[in-house]
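A short write-up of the structure that comes next.
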Amino acid sequence: MVTRRSLTGLAALLVASLAVAVPAGAQVADSTGADPLAPSTAVPWSPARPAPAREPWEVALTGPLRLATLPVSALGFAARNGLLRMEENSIVPRTLFVLAAPARYGFLVTPASLGDRTGMGGEVRFAPPAARDLVEAGVSGSTERYSRAFAGVGPVIARIVYSEEWRPHDPLFGIGPGTAEEDEGSYSSSTRTLRLSSRFGFGRPGPGRPPRHTLALSAAHRTLTVGAPQGDPDEDERALRSGILAVGPALDRESKGTTYGVAVETDLRSGSPHWSRGVRARAGFDHFEPESEAPQALSALSPPPPRFAAFQRYTLEVEAGVSFMRDPRTIRLAARVVDTERNDPDPLATLISITDLARLGGSDGLAGFEPGRFHDLDAALAKLSYVFPLAQHYELDLHVESGGVWGDLQHDARLADLETSYGVALRPRTALAPLASLGVEASREAVRFRFSIGGVE
Amino acid sequence: MNRLPGPRVATIPAASATRSCAAVAALVPATIALLSAGAPAAAARPRTTETSYYYDNFDNSLVRPITRAFDPALGVRKLLGRPREAANVDEADAVRLPSTWWQPRLGFREITPERAALGPGPGTGPAPGRLTITRGKTQGVTPGFFVKDGAGARFILKFDPMENPEMATGAGVVAARLFWAAGYNTPDDAIVLFRAEDLDLSPDATLTDRFGRRRTMTPADVKRILDRVPRDADGRYRALASRLLSGTPLGPFQYRGRRRDDPEDLVPHEHRRELRGLWTLAAWTNHADSRGPNSLDMWIEAEGRAFVRHYLIDFNGCLGSGSFVARSYPTGGEYFVDYGVMATSLATLGLKPFAWEAVRDPKIPALGFIEADAFDPEGWRPDYPNPAFDERTGRDMRWGARILAGFTDAHIRAAVEQARYTDPRATEELVRVLIERRDKLVRRWLPGSAPRTSAER
């Protein structure tokens with residue numbers, strides 16, 4: 001039976017439906033209820049259609065550029081998803097864990113430091129965790145077939161190290177200051193060394209720094225063979241100019257001898273992120289004593305061959321820095337002098353191996369020149385640097401180097417023989433230290449790019 | 001049989017009653033359909049978004065600034081002095097309400113300091129008593145736990161670094177209160193003190209290790225986390241307890257673009273007044289961590305509808321705190337990769353001092369580092385560029401400054417006191433710095449408006 005009550009109920013339902021329906025876009029009363037400070041639960045205001053990120057004229061103006069950079073956008077899309085997957089799968093911590101795993105067993109894997117132009121390489125070192133300061137061994141190699149291996153035992157104050165090194169083609173442009181870039185040749189060298197060394201440190205070290213004062217003593221027996229350089233027909237002439245015959249008859253001859261050395265160093269540098277003040281000085285003296293060679297049968301037709309000479313080498317390095325302003329702007333001056341004196345009474349003892357010569361070029365100094373660009377008995381180098389901050393995480397190193405090589409620094413050195421190299425390097429840094437260096441070095445002969453990770457001061 | 005008297009009921013002839021009922025019944029859906037035309041259909045939950053921290057940093061630090069530098073449309077706007085204004089404001093330059101991003105609070109209505117200090121409320125943290133660990137948190141920059149209190153409420157506990165007790169937790173609580181009072185949606189954060197013996201470990205508790213593997217959490221895991229946390233003089237641990245937000249998390253929002261599967265998200269985020277104007281609040285609180293990953297969209301079902309609400313979260317990196325280290329002096333003055341700063345420094349060879357080089361550090365570990373003397377109310381910037389901040393105009397910043405002007409000294413002090421610093425110097429210094437920074441911003445963006453002190457409320 002239909003009653004008035006039923007109809008009343010239906011009418012109420014109709015009224016309720018009116019209350020439920022919400023007109024679109026209306027600024028309805030905020031339905032936060034009793035607390036006007038609570039976040040709104042009402043339908044928010046929205047435009048009738050989605051607002052464009054760019055207006056039509058902006059789209060038209062940037063359209064061609066966006067089309068041209070579509071490949072870059074695709075790369076960005078791939079990078080975003082790739083990095084996301086990396087984070088989701090914890091790739092970075094897993095990789096770091098794998099890389100750190102060998103260290104727990106005493107192994108350390110690092111990039112090789114075999115010198116300039118030696119290719120990509122790696123080094124593996126081993127020091128047993130229980131005797132990390134007493135035993136160490138390592139082997140390194142590179143894609144250019146450079147290699148080095150060593151094993152050492154004993155504490156720092158009495159350590160014995162045996163090492164072997166093979167260098168297949170180090171550059172040689174001749175001997176003396178007047179060599180030409182186009183006369184590039186190369187030589188190979190094989191070295192076996194047994195070294196006994198003692199190192200004593202004095203003074204409280206700074207954070208992450210060695211002791212302030214060190215005394216190092218060493219005696220090293222060396223067997224060295226230098227192989228033929230290539231494409232350098234006038235090397236005899238150049239060698240005679242400096243009074244010695246470093247190449248030619250010295251090729252493919254095994255040189256044996258013992259080097260006795262002593263060095264003292266004082267390091268009073270301090271500051272962060274780069275060292276910004278103080279002085280470091282190092283003075284070294286090495287005496288090389290060749291082994292006696294078996295006398296060769298004399299021939300009336302050929303003169304007696306020259307022998308390897310005993311020599312002494314004096315090395316002096318000094319660098320000093322001063323800074324100003326809170327984030328240090330630092331001016332540094334560094335100088336290095338190498339003076340080699342042949343002092344063998346035997347008139348036939350005129351040979352000094354190429355590897356014992358002082359050299360400049362590349363990381364040896366004058367970085368705008370090719371590695372091994374200049375060889376001779378003596379060398380002198382000065383470097384002026386200005387390191388200043390670009391921003392919180394970057395600094396710039398501007399520097400100029402000037403130096404030269406001579407047969408006798410005291411008598412032959414002339415300002416006209418000096419070569420100059422200029423460089424600039426960008427150095428990412430933390431608050432504590434520079435992390436890397438990426439730069440350009442330039443000289444009258446070349447423009448070279450350099451980069452290094454770690455070991456930046 | 002006698003019939004009991006029943007209610008007096010009016011009756012209607014059956015045929016006409018039937019026609020009446022049918023008519024009323026037919027009107028109900030038609031009425032609803034008519035009045036509901038244009039209202040949002042029942043919304044489907046948008047999909048959860050993910051973001052890569054690495055990509056976000058890379059894109060905003062390196063790629064986007066270069067893109068903007070070569071954007072012809074941007075160049076035209078700068079040339080003509082016609083920036084694009086926010087898209088969700090009315091003729092009076094007011095945010096069109098309602099909004100799921102922001103609610104008018106200080107600056108638009110009166111709120112007592114006591115109420116502002118409660119934040120979204122209740123502002124008291126976990127209920128007194130035992131806490132049950134339900135999950136470990138080892139990812140992210142700070143360790144922590146997910147816990148449940150005796151009342152069943154769920155929280156995330158985050159801790160301070162060992163070198164700066166109270167720094168991250170204090171900054172998190174203070175900044176959360178300030179951003180809530182400014183109108184934004186924030187979690188309910190509070191300081192909690194507890195002892196290790198107050199913790200229970202749920203048998204179902206899990207831990208995701210650094211390799212992303214989830215496993216059962218053990219007491220050793222709890223100890224390992226707590227060993228990295230400082231304790232107060234009474235041996236208690238201090239944590240920031242962040243009450244889990246109600247709803248379903250959908251991941252962070254981006255400061256650029258919009259969530260396309262959210263029918264209520266029709267304005268690109270970089271053109272929203274709430275996000276552009278957020279710059280002013282971020283500058284005030286030194287929220288250099290203002291970026292997408294420190295946000296959270298929640299799917300809310302309330303009052304008969306379902307929608308997305310947008311939250312700001314993770315305030316541990318605000319004020320003087322960098323979450324796990326103190327903020328560095330350059331924070332706020334340059335991006336991680338700041339081409340402009342680097343170009344200026346390069347052009348001047350580093351001889352133009354950075355603004356931060358004149359700052360004074362009061363050396364209060366609980367504060368980290370935050371100051372007001374070198375604070376630039378126009379040039380402040382986060383760690384890396386924020387797309388919405390990059391689009392801000394003078395109107396956006398004046399809107400934010402209006403909010404700031406609503407904070408009296410008493411509001412600021414009430415919020416800072418929520419940090420419960422044990423060192424009174426920390427409280428006084430932070431209040432002083434926040435007042436000075438507020439005054440600088442208000443003077444710059446609302447010239448002629450004097451900041452309100454507590455006497456003017």
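Values reported hereafter were calculated over all heavy atoms of this structure, with side chains retained and with hydrogens, waters and symmetry mates removed. All chains are named by letter (A, B, ...) in the order of the sequence lines, taking the proteins before the strands, and each is independently numbered beginning at 1.
Within a 6.0 Å radius of CD1 in A/I453, other residues, nucleotides and ligands contribute 12 heavy atoms or fewer.
Among the candidates A/N89, A/L83, A/I91, the residue making the largest number of heavy-atom pairs closer than 4.5 Å to chain B is A/L83. Per-residue heavy-atom pair counts under 4.5 Å with chain A were compared for B/E391, B/R256, B/H269, B/R258, and the maximum is reached by B/R258. Each of A/E58, A/E395, A/M86, A/R66 has some count of heavy-atom pairs under 4.5 Å with chain B, and the biggest count is that of A/E58.
Between the side chain of A/R80 and the backbone N or O of B/S52 there is no donor-acceptor pair closer than 3.5 Å. A donor-acceptor contact shorter than 3.5 Å is absent between the side chain of B/R96 and the backbone of A/S46. With hydrogens and angles ignored, the 3.5 Å screen pairs no side-chain donor or acceptor of B/E264 with any backbone N or O of A/P44.
Heavy atoms only, all atoms of each residue included: A/T41 and B/E303 are closest at OG1-OE1, 3.2 Å. The shortest heavy-atom contact between A/V43 and B/P98 is O-CG, 3.4 Å. In terms of heavy-atom proximity, B/A73 sits nearest to A/R54 at CB-NH1, 3.7 Å. Heavy atoms only, all atoms of each residue included: B/S328 and A/Q392 are closest at OG-OE1, 2.7 Å. Annotation for B/H271 and A/P52: closest pair CD2-O, 4.3 Å, computed over non-hydrogen atoms. Nearest heavy atoms, B/S345 versus A/L390: CB-O, 3.4 Å.
Only the side chain of A/L396 comes within contact range of chain B, judged by heavy atoms closer than 4.5 Å. Of the two parts of A/V72, neither the backbone nor the side chain holds a non-hydrogen atom closer than 4.5 Å to a non-hydrogen atom of chain B.
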Q.
Please determine whether side chain to side chain contact (heavy atoms under 4.5 Å, CB included) holds for the pair B/F70 and A/T62, giving the CA-CA distance in whole Å, both sets of side-chain angles, and the decisive distance to 0.1 Å.
A. CA-CA 10 Å; B/F70 293 98; A/T62 58; over 6 Å; no
Q: Please test B/W356 against A/R326 for side chain to side chain contact (heavy atoms under 4.5 Å, CB included), starting from the C-alpha separation and ending with a verdict.
A: CA-CA 9 Å; B/W356 65 262; A/R326 193 169 184 176; 4.3 Å; yes
Q: Walk me through it: do B/E50 and A/R85 pass the test side chain to side chain contact (heavy atoms under 4.5 Å, CB included)?
A: CA-CA 10 Å; B/E50 300 166 297; A/R85 296 290 92 81; 3.5 Å; yes
Q: Start with the C-alpha gap between A/L84 and B/Y55, add the side-chain angles, then the distance that decides, and say whether side chain to side chain contact (heavy atoms under 4.5 Å, CB included) holds.
A: CA-CA 8 Å; A/L84 195 56; B/Y55 183 79; over 6 Å; no
**Q.** Audit row: B/R82, A/E55, salt bridge (charged side-chain N to carboxylate O under 4.0 Å, His left out) steps and yes/no
**A.** CA-CA 13 Å; B/R82 301 280 299 272; A/E55 295 185 358; over 6 Å; no
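For the pair A/T69 and B/T67, the minimum side-chain heavy-atom distance is 4.5 Å or more. Considering only heavy atoms from C-beta on, B/V267 comes within 4.5 Å of A/W45 through its side chain.
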